Amino acid sequence: MTVHARVDGGAQPGLTRGYVETLGLVERLHRLLLDVIKDEFERLGLVEISAVQALLLFNIGENEVSAGELKTRGYYQGSNVSYNLKKLVEAGYMHHERCESDRRSVRVRLTGRGRDVHDAVAALFRRHAEALQARGVIGFESGAEVNAILRRVERFWTDQIRYIY
């Protein structure tokens, strides 16, 4: 879904236009992030794994989680989490085992191969953070400010889903 910048009327059309522009930027940044990861993995010769799967492995890291927890913890935003988990297990990037207390639930954790992917993504992000700061694109203070704003938007959207007012 692409956010389009058509805004009709309203008391503060400039505010609404700015909000819609922000939505479009967030959406494009996420797609670009996946393209950046894909390009890095092509350079590394890791073409059997998708950028979405690599990002999923990065976000899981050292944790052991259930499929349901992936969404609630914010590690994964998508409807095909089961598909990606199955593919990652089949390819040897993740271990999975049934939960002792609830046999319907499956817990997953990274294998050595999965940790290698995690480390490759972490190295890419580290290089990017250093380059962004070195080039004056964004520094620690401005990055912290952007993150604080985005956390407030996240909280607002979460409240919109949970509470209708």
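Everything numeric in this text was worked out from a predicted model, so none of it was measured.
Under the 4.5 Å side-chain criterion, counting only non-hydrogen atoms from C-beta, L34 is in contact with L55. Inter-residue side-chain proximity for L85 and L70 is flagged as met; some heavy-atom pair is nearer than 4.5 Å. Considering only heavy atoms from C-beta on, L88 stays 4.5 Å or farther from L110 through its side chain. V117 places none of its side-chain heavy atoms less than 4.5 Å from the side chain of R113. In this structure, H96 and K86 have side chains that are not in contact, with every pair of non-hydrogen atoms separated by 4.5 Å or more.
A continuous path of hydrophobic side-chain contacts links V36 to F58 [ILVMFWY only; heavy atoms under 4.5 Å]. Under the 4.5 Å side-chain heavy-atom criterion for ILVMFWY residues, a single connected hydrophobic cluster contains both L44 and V121. In the hydrophobic clustering of this structure, V153 does not group with V146; members are Ile, Leu, Val, Met, Phe, Trp, Tyr whose side-chain heavy atoms approach within less than 4.5 Å, directly or through other members. The same ILVMFWY cluster, assembled from side-chain heavy atoms under 4.5 Å apart, contains both F41 and L33. Under the 4.5 Å side-chain contact rule for hydrophobic residues, Y83 and V52 do not share a cluster.
The heavy-atom pair separating S66 from R107 by the smallest distance is N-NH1, 3.7 Å. Closest of all the heavy-atom pairs between N63 and N59 is ND2-O, 4.3 Å. For the residue pair H118 and G61, the shortest heavy atom distance occurs at CD2-CA, 3.6 Å. In this structure, S142 and G139 approach most closely via the heavy-atom pair OG-N, 3.1 Å.
Atom CG of L32 is separated from atom NE2 of H30 by 10.5 Å, given to the nearest 0.5 angstrom. The CZ atom of F156 sits 10.5 Å away from the OG1 atom of T158 when rounded to the nearest 0.5 Å. E154 contributes atom CD, which lies 8.5 Å from atom CZ of R151 (distance to the nearest 0.5 angstrom). The line from CG of L150 to CD of E145 is 11.0 Å long, rounded to the nearest 0.5 Å. Taken from NZ in K38 to CZ in R43, the straight-line distance is 10.5 Å, to the nearest 0.5 Å. One finds the CE atom of M94 at 9.5 Å from the CD atom of Q53 (value rounded to the nearest 0.5 Å).
Under a cut-off of 6.0 angstrom, the local environment of CD in E64 is crowded, with over 12 non-hydrogen atoms contributed by other residues, nucleotides or ligands. More than 12 heavy-atom neighbours from other residues, nucleotides or ligands sit within 6.0 angstrom of CD on E42.
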For residues 125-133, which side-chain N or O atoms pair as donor and acceptor with protein atoms under 3.5 Å away, sequence neighbours left out?
unit_1: R127; atom_1: NH2; unit_2: E40; atom_2: OE1; d: 3.2
unit_1: R127; atom_1: NH2; unit_2: E40; atom_2: OE2; d: 2.9

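In terms of modelled atom types and a separation under 3.5 Å, the side chain of T111 and the main chain of Y93 share a donor-acceptor contact.
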Practice problem: Tell me, with the steps shown, if R115 and E62 meet side chain to side chain contact (heavy atoms under 4.5 Å, CB included). | Solution: CA-CA 8 Å; R115 281 191 297 282; E62 295 299 316; 3.4 Å; yes
Exercise. Test side chain to side chain contact (heavy atoms under 4.5 Å, CB included) on L57 and I49 and set out the steps.
Key: CA-CA 10 Å; L57 293 171; I49 188 168; 3.4 Å; yes
Exercise. Decide yes or no on side chain to side chain contact (heavy atoms under 4.5 Å, CB included) for I60 and L56, but give the supporting numbers first.
Key: CA-CA 6 Å; I60 291 172; L56 180 59; 4.1 Å; yes
